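This report concerns only the one structure given below.
All figures in this text were calculated on a predicted structure; none of them were measured in a lab.
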Amino acid sequence: MGPWRTAWHRLKRDRWSLAALIVLCVLVVTSAAGGPVVSKLVGHSGEDIFPYATGVNFKPVGPWTRVPAVHAARTDIYGGTLPPPRHVKKTLLVFGGDGVLGRDEFIRVLDGGRASLEIGLLAALVSLVLAVPIGAVAGYFGGWIDAVVSRVTETAMAFPLLLFLVFASVHLGSLVRDIGVGNVVPRGVIGEAILIGLFTAFYPLRLVRAQLLTLKKAEFVEATEMVGSSDFRILRRHLLPHLVPTMLVWGAIAVGTNIL
């Protein structure tokens, strides 16, 4: 019985953990695909403006309200708002309007969840891509490489993360705002993920370095050295696989932290 099957059998015996996994999967799927699906069903997106979705004092309409599907209100010569045209089609706002613009609050929540999930996952991936090779090299070879990496990480970790993010956002504003992949990855998600991933890579880097400092003294490493294996082969085939469980746990925690 493999490790994955063993883990699945243990999970099935714990009903609360299984229920939590199901809820988590539902939330992830809803956040990832809910916005486009609901937009297709109701016929509008979270960016569409509905001026007739606001009432007195521009208070938005409440949940489950059908509003005229027009994106510009008619006005009289004095600037007052006229009623919508007769027989105009109506559209459904599940959570109501988001404010004076009357945009669909439900779709905007789903789109925000998707963007947050994408940022959390991409930032964790960026952190691991940077941390694993650098931390492995520093921990395995030691010497001046380890000293330089350790001093840089200690210096960076002494400053608040938000200070780095604000500084980088100000000086790299176009990077943060403009990079995107159509409707799949909204503009700003990739830039934000790169910044968060870059400035949180120090933490998994320290974990990788600490593990390599211990693993490189193991007997199986000495055995592979005796048969003439290169340092690269030892790292790739014998040491890095031991880091997978730790990095998976850190990555799962990092996704939630990145979203916050």
Side-chain angles (χ1 to χ4, degrees), residues 20-21 23-36 45-47 98 105 107-139 145-146 148-212 240 243-260:
L21 177 62
V23 171
L24 178 62
C25 290
V26 170
L27 289 176
V28 169
V29 172
T30 302
S31 298
S45 71
E47 298 299 323
D98 72 327
E105 180 72 10
I107 297 178
R108 293 180 67 79
V109 168
L110 294 175
D111 289 342
R114 183 183 62 177
S116 297
L117 186 63
E118 290 171 344
I119 290 175
L121 290 171
L122 288 174
L125 181 62
V126 170
S127 293
L128 292 175
V129 168
L130 293 174
V132 171
I134 298 176
V137 169
I145 299 177
D146 184 32
V148 171
V149 171
S150 297
R151 297 297 84 76
V152 171
T153 55
E154 289 169 0
T155 302
M157 293 171 67
F159 291 91
L161 172 62
L162 288 178
L163 178 63
F164 283 123
L165 292 177
V166 170
F167 178 81
S169 298
V170 170
H171 292 278
L172 302 173
S174 60
L175 170 67
V176 177
R177 290 191 301 267
D178 298 339
I179 299 179
V181 183
N183 295 325
V184 178
V185 182
R187 289 192 308 166
V189 166
I190 295 178
E192 196 74 25
I194 291 174
L195 290 181
I196 295 177
L198 179 64
F199 294 121
T200 55
F202 307 114
Y203 302 96
L205 191 154
R206 299 276 291 184
L207 290 174
V208 172
R209 172 186 172 273
Q211 280 203 285
L212 262 292
L240 291 183
L243 303 175
V244 173
T246 302
M247 292 301 98
L248 286 176
V249 172
W250 181 88
I253 296 173
V255 170
T257 304
N258 294 338
I259 290 174
L260 291 176

Worksheet entry | Spacing of Arg206 atom CZ and Glu154 atom CD [to the nearest 0.5 Å] | 5.0 Å
Item to complete: For Ser31 and Val28, indicate whether the former's side chain and the latter's backbone hold a donor-acceptor pair under 3.5 Å.
Response: no
Worksheet entry | Shortest non-hydrogen contact from Ser127 toward Thr200 | OG-OG1, 2.8 Å
Fill in: Test item: Leu243 and Leu212 side chains (from C-beta on) under 4.5 Å apart, heavy atoms
yes
Practice prompt. For residues Thr153 and Tyr203, determine if any side-chain heavy atom of one lies less than 4.5 Å from a side-chain heavy atom of the other.
Written response: no
Discussion item. Any non-hydrogen side-chain atom of Leu21 less than 4.5 Å from a side-chain atom of Cys25?
Written reply: yes
Item to complete: Would you indicate whether the side-chain heavy atoms of Leu27 and Val23 approach each other to under 4.5 Å?
Response: yes
Item to complete: State the CD-CE distance between Gln211 and Met247, to the nearest 0.5 angstrom.
Response: 6.0 Å
Item to complete: Provide the closest heavy-atom pair for Val132 versus Val208 in the form atom of the first, atom of the second, distance.
Response: O-CG1, 3.7 Å
Discussion item. To check you understand the geometry: which heavy-atom pair defines the closest contact between Gly120 and Asn258, and what is its length?
Written reply: O-ND2, 3.3 Å
Worksheet item: Which atoms form the tightest heavy-atom contact between Arg108 and Gly46, and what is the distance?
Response: NH1-O, 3.0 Å
Worksheet entry | Spatial distance of atom CG (Leu248) from atom CG (Leu128) [nearest 0.5 Å] | 8.5 Å
Worksheet item: Within the distance-only criterion (no hydrogens, no angle test), does the side chain of Arg209 pair as donor or acceptor with the backbone N or O of Gly135 below 3.5 angstrom?
Response: no
Worksheet item: Of the non-hydrogen atoms in Ala124 and Val255, which two are nearest, and what is the gap between them?
Response: CB-CG2, 4.0 Å
Worksheet item: Rounded to the nearest 0.5 Å, what separation is found between the CZ atom of Phe202 and the OG1 atom of Thr155?
Response: 9.5 Å
Worksheet entry | Value rounded to 0.5 Å, distance of CD1 in Ile259 from CD1 in Ile196 | 10.0 Å
Fill in: Where Leu130 and Ala201 come nearest, the two heavy atoms and their spacing
CB-CB, 4.1 Å
Worksheet item: How far does CG of Leu125 sit from CG of Leu121, to the nearest 0.5 angstrom?
Response: 8.5 Å
